[in-house]
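Note on naming: letters A, B, ... go to the chains in the order of the sequence lines (proteins, then strands), and numbering restarts at 1 for each one.
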There are 2 protein chains.
Amino acid sequence: MSVTIKDVASKSGLSIATISKYINGGNVLEENRKIIDKVIKELGFEVNEIARGLKTSKTKTIGLLIPSLENIFFTSIVSNIESVLIKSGYSTIICDYKEDKDLEKQKLDFLLKKMVDGIITMPMGNDSEAIKSVIKRNIPVVLIDRALRDIDCDTVLVDNLNAAYNAIEQLIILGHKRIGIICGPDEIYTAQERLKGYERVHEDYNMSIDSSLVKKGDYQVESGYRLLSELIKMEEPPTAILVTNYEMTLGALMAVNEGNVKIPDDISFIGFDNLQLSKVVKPPLSIVIQPVQQIGEVAANTILKRLKGDTSNFPSMIRLKTELIMKESVQKLETN
Amino acid sequence: MSVTIKDVASKSGLSIATISKYINGGNVLEENRKIIDKVIKELGFEVNEIARGLKTSKTKTIGLLIPSLENIFFTSIVSNIESVLIKSGYSTIICDYKEDKDLEKQKLDFLLKKMVDGIITMPMGNDSEAIKSVIKRNIPVVLIDRALRDIDCDTVLVDNLNAAYNAIEQLIILGHKRIGIICGPDEIYTAQERLKGYERVHEDYNMSIDSSLVKKGDYQVESGYRLLSELIKMEEPPTAILVTNYEMTLGALMAVNEGNVKIPDDISFIGFDNLQLSKVVKPPLSIVIQPVQQIGEVAANTILKRLKGDTSNFPSMIRLKTELIMKESVQKLETN
DNA sequence: TTGTACGCGTTATCAC
DNA sequence: GTGATAACGCGTACAA
């Protein structure tokens, strides 16, 4: 079918072994080097990665396991990861587990069966066992966005705690006393951290927390809608709100629109994750931006490093900073 | 390292050939069948896909080549494709070419080098040559979203022409005479078709087209913003507008918000592609919805069919219907 | 430096 | 129905 080393060998008059050595960067006579180079170009020879893989048990493929492909936050990261990896000749098999823990395990197995050389994943459950067994098989794993307890594994995340902390702090500085938050699910790492940020800033400013202002959603649009509706219908509603991911921000805005509530007059609003959205709605939305590009690049470079056998400072834990963009959706509150 | 057929053979007392035949669904004595089954389970044997690939020259991998991973319309399709393919044991290597024609070719080569069994792609340029050469190599290709001229290739698209036609028709029925459209780039198939729909409905209703109302953007946010700004600043602005993709819809909404223009009082508005968006903005946006799930499923099933060697009605051209959802962003115009 | 021979795990072909 | 055995294309000792 396609051109093999054998073909190159016979046409160049050299042996298969020599050609192979040349391809893999070994020492070959300058003279032969030229000949081989020429023949390879003439024949259009390309290494058969799959035959090579059989021998080396390396597939030059990285598995990417993410919660959903219908979430721009995740796919942006994926896009950046792919860009970096392809430069090193790695392809990426992307699996989304549709926010389903069973599917997550299934797809992890799938990737393993496909003999990926490494795995980058955003774990959902805390099935650190599955991940552990992968690491035990000497397959490098990089966790992104969400950390896992009791596990030695390279991890790239954003400083979720301070992301929430800083946003809430701004609201406090502007005079808000009753600040609501719409969190993600308890089981999810980022949700825990963002809530911690909310709690810690209250402590630091010596403010007590009204637990009725802390709403727990599921990172989906509908919960953002429902929970914000609940908040604005309270007898004593919050004067400001932080919504902690993109989907819920979307939902919360729907609730605002339908509830005849005005931003920022009736409620100050800080959203999450999507800069474009902040410009479409009126007034412009204040927003917490995560460094998606960096996350992808750092994750990809980390796994590339491990793939090269560099085990320095393992396990690495990199915590990237978010950015808070304040716009007119937040109002200064008169202190009375 | 891992368990091989050889191991299964020696432990079961049968030959490698028999085990292989069993695995691939050949006829084996009921008696042996049981033994093999048991041994496989005990040993936890799994086929080494890469060794199998070397022999069969099949990788059980489909290449997916899309313009961008940061576009929910594309990634939704990808997600659905992946769901279908994985059920048949296929993995998908996803490449995005970042709307760059050179990158598109590069990544196509990359996929070929990875020996994918088939390719599903949304082509950008009209480099039908590259695709043709793939097909000539007997690698099935399915085009989605965008058709290519002069080429025999299975294609799955939506009826873009009538998508635009129907939207504009509704506006006409509601009494609008000056209807603007913000199109995509001339080179892109979907943009051409949507524009044709605009033109045809004007013909059918015997209305002439004011070419200053036909704006050509590039499917990016900024152009939607810029072009809608231009439209509303006209001396005689349109009374209604159709924006023909999601990003430009986003941009156009920004312009509306900043321009102190009211929807639908000052201008009736129909957007594209994203249902969620339609609920977030106020008033609720009328929108053209594409059947992303179907697109993905049909495309995946088509390539699966070809992979099985079924060449019936090749090349198939499937045209899926869009849905028009009318909301309060469109106003009935008084006929005077 | 170069060449020979063999192994990687499967599948396919043929005898039996 | 079953079992040797030759491929598949490449890497790698080892010998030359």
A.B. asks: Is the closest side-chain donor-acceptor distance between Ser316(A) and Asp154(A) under 3.5 Å?
C.D. replies: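 Yes - a donor-acceptor pair under 3.5 Å links their side chains.
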A.B. asks: Return yes when atom NZ of Lys132(A) has more than 12 non-hydrogen atoms of other residues, nucleotides or ligands closer than 6.0 Å, and no otherwise.
C.D. replies: yes
A.B. asks: Pick the closest DNA chain C nucleotide for Leu54(B) and for Ala17(B) by heavy atoms, then say which residue is nearer the 5' end.
C.D. replies: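 It is Leu54(B), whose closest nucleotide lies nearer the 5' terminus.
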A.B. asks: With a 4.0 Å cut-off on heavy atoms, is Ile5(B) in touch with a base, just the backbone sugar-phosphate, or nothing at all?
C.D. replies: sugar-phosphate
A.B. asks: To the nearest 0.5 Å, how far apart are CG in Asn48(B) and NZ in Lys55(B)?
C.D. replies: 14.5 Å
A.B. asks: In this structure, how many angstroms lie between the P atom of dT11(C) and the CD1 atom of Ile23(B), rounded?
C.D. replies: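 Interatomic distance, CD1 of Ile23(B) to P of dT11(C): 6 Å.
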A.B. asks: Reckon Leu14(A) touches a base, only the sugar-phosphate, or nothing at all at heavy-atom distances under 4.0 Å?
C.D. replies: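 The answer is sugar-phosphate, as Leu14(A) gets under 4.0 Å only of primed atoms, P, OP1 or OP2.
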A.B. asks: Measure from NZ on Lys58(A) to P on dG9(D) and round the result to the nearest Å.
C.D. replies: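 My rounded result for the distance is 23 Å.
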A.B. asks: Write down the distance between CD1 (Ile16(B)) and C1' (dT13(C)), rounded to a whole number of angstrom.
C.D. replies: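 Going from Ile16(B) (CD1) to dT13(C) (C1'), I get 15 Å.
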A.B. asks: Under 4.0 angstrom, heavy atoms only, what part of the nucleic acid is Glu30(A) near: base, sugar-phosphate, or nothing?
C.D. replies: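 No contact at all - Glu30(A) keeps every heavy atom at 4.0 Å or more from the nucleic acid.
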A.B. asks: Taking the side chain of Ser15(A) as heavy atoms from C-beta outward, which of dG3(C), dT1(C), dG3(D) is closest to it?
C.D. replies: dG3(C)
A.B. asks: Distance from Met122(B) atom CE to Asp145(B) atom CG, nearest 0.5 Å?
C.D. replies: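 Answer rounded to 0.5 Å: 3.5 Å.
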A.B. asks: Arg52(A) has an atom CZ; how far is it from atom P of dG9(C), in whole Å?
C.D. replies: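 Spelled out: CZ on Arg52(A) to P on dG9(C) is 18 Å.
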A.B. asks: Ignoring hydrogens and angles, are the base of dA12(C) and the side chain of Lys55(B) linked by a donor-acceptor pair under 3.5 Å?
C.D. replies: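 Side chain to base: no pair present.
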A.B. asks: Counting heavy atoms from C-beta on, name the nucleotide in dT11(C), dG11(D), dT10(C) closest to the side chain of Ser20(B).
C.D. replies: dT11(C)
A.B. asks: Mind calculating the distance between NZ (Lys6(A)) and C1' (dG3(C)) to the nearest angstrom?
C.D. replies: 15 Å
A.B. asks: Looking across every strand, which nucleic acid part, if any, lies under 4.0 Å from Tyr22(B) by heavy atom: base, sugar-phosphate, or nothing?
C.D. replies: nothing
A.B. asks: To the nearest Å, give me how far apart CG (Leu29(B)) and C1' (dG3(D)) are.
C.D. replies: 13 Å
A.B. asks: With respect to the side chain of Ala51(A), which nucleotide from dG3(C), dC10(D), dT10(C) is positioned closest?
C.D. replies: dC10(D)
A.B. asks: Have Asp150(B) and Ser128(B) got a donor and an acceptor in their side chains that come within less than 3.5 Å?
C.D. replies: no
A.B. asks: Starting the side chain at C-beta, find the nucleotide from dT10(C), dG11(D), dA4(D) nearest to Asn48(B).
C.D. replies: dT10(C)
